[in-house]
Amino acid sequence: MNQRIAHIALVVDDYDRAIAFYTQKLNFRLLEDTPLSDTKRWVMVAPQGQGECCLLLAKAANEEQASRIGNQTGGRVFLFLYTDDFWRDFRNYQDQGIRFVREPVEETYGTVAVFEDVYGNLWDLIEPR
């Protein structure tokens with residue numbers, strides 16, 4: 001058996017706002033932006049480097065979905081971004097105005113800090129050991 005997670009849907013309020021944040025602030029690549037209808041697009045972004053999983057930026061289609069924007073996991077860290085140089089990315093994100101809600105710490109598994117995306121979703125920035 002050969003399986004993998006290809007995309008993770010991230011509910012957003014506006015495609016262009018989300019694209020701007022992920023590509024300009026986090027330096028992700030815009031992989032696809034395909035219109036599906038007048039109101040729906042297929043938008044995928046991914047971090048630089050290798051990696052098969054990407055974010056599918058999914059615009060909320062109703063009030064229930066909109067209520068989940070920024071809190072898809074009930075306040076827990078939602079996504080885990082691995083890096084080959086923690087301090088480079090930490091400083092770059094700070095320079096871009098990214099808000100860190102937990103300062104860097106050395107853990108047994110690596111160096112980690114928690115930041116918020118444009119919607120308030122929590123991310124771990126991790127350089128594994």
* Please list, chain by chain and in numerical order, all residues satisfying salt bridge (Lys or Arg N to Asp or Glu O under 4.0 Å) with Asp13, sequence neighbours excluded. => Arg17
* Taking Gln72 for its side chain and Val11 for its backbone only, find out whether a donor-acceptor pair lies under 3.5 Å. => yes
Min side-chain heavy-atom separation [X]-[Y] under 4.5 Å:
X	Y	result
Thr83	Arg88	yes
Arg29	Gln48	yes
Val105	Val112	yes
Pro104	Trp87	yes
Asn92	Asn27	no

* Asked: Val43 and Tyr22: side chain to side chain contact (heavy atoms under 4.5 Å, CB included), yes or no, with the steps?
  -> CA-CA 11 Å; Val43 178; Tyr22 286 101; over 6 Å; no
Please round to the nearest 0.5 Å and tell me the distance separating atom [atom1] of [X] and atom [atom2] of [Y].
X	Y	atom1	atom2	answer
Phe78	Asn71	CZ	CG	10.5 Å
Gln96	Gln24	CD	CD	8.5 Å
Ile8	Leu10	CD1	CG	9.0 Å

* **Option among Glu106, Glu127, Arg129 that satisfies the side chain to side chain donor-acceptor pair (under 3.5 Å) test with Thr111** => Glu106
Shared ILVMFWY cluster between [X] and [Y], side chains joined below 4.5 angstrom?
X	Y	result
Leu79	Phe90	yes
Leu81	Phe86	yes
Leu56	Val12	no
Leu55	Trp42	no
Tyr82	Val114	yes

Give me the atom names and distance for the closest heavy-atom approach of [X] to [Y].
X	Y	answer
Ala18	Leu57	CB-CD1, 3.8 Å
Ala46	Cys53	CB-O, 4.4 Å
Asp16	Asp14	N-OD2, 3.1 Å
Glu32	Thr34	OE2-OG1, 2.8 Å
Gly70	Asn121	C-OD1, 3.2 Å
Arg41	Pro35	CG-CA, 4.0 Å

* **Leu36 CG: over 12 foreign heavy atoms closer than 6.0 Å** => yes
* **salt bridge (charged side-chain N to carboxylate O under 4.0 Å, His left out) contacts touching residues 90-103 (sequence neighbours left out)** =>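 Qualifying pairs, neighbours excluded: Arg99-Glu116.
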* Ring centres of Phe21 and Tyr119 under 6.0 Å apart? ->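 Phe21 vs Tyr119: aromatic centres not under 6.0 Å.
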* How are the rings of Tyr93 and Phe100 set to each other: parallel, tilted or perpendicular (split at 30° and 60°)? -> parallel
* **With Phe115, the side-chain contact (heavy atoms from CB on, under 4.5 Å) member among Val77, Ile98, Leu122** =>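 So the option named by the test is Ile98.
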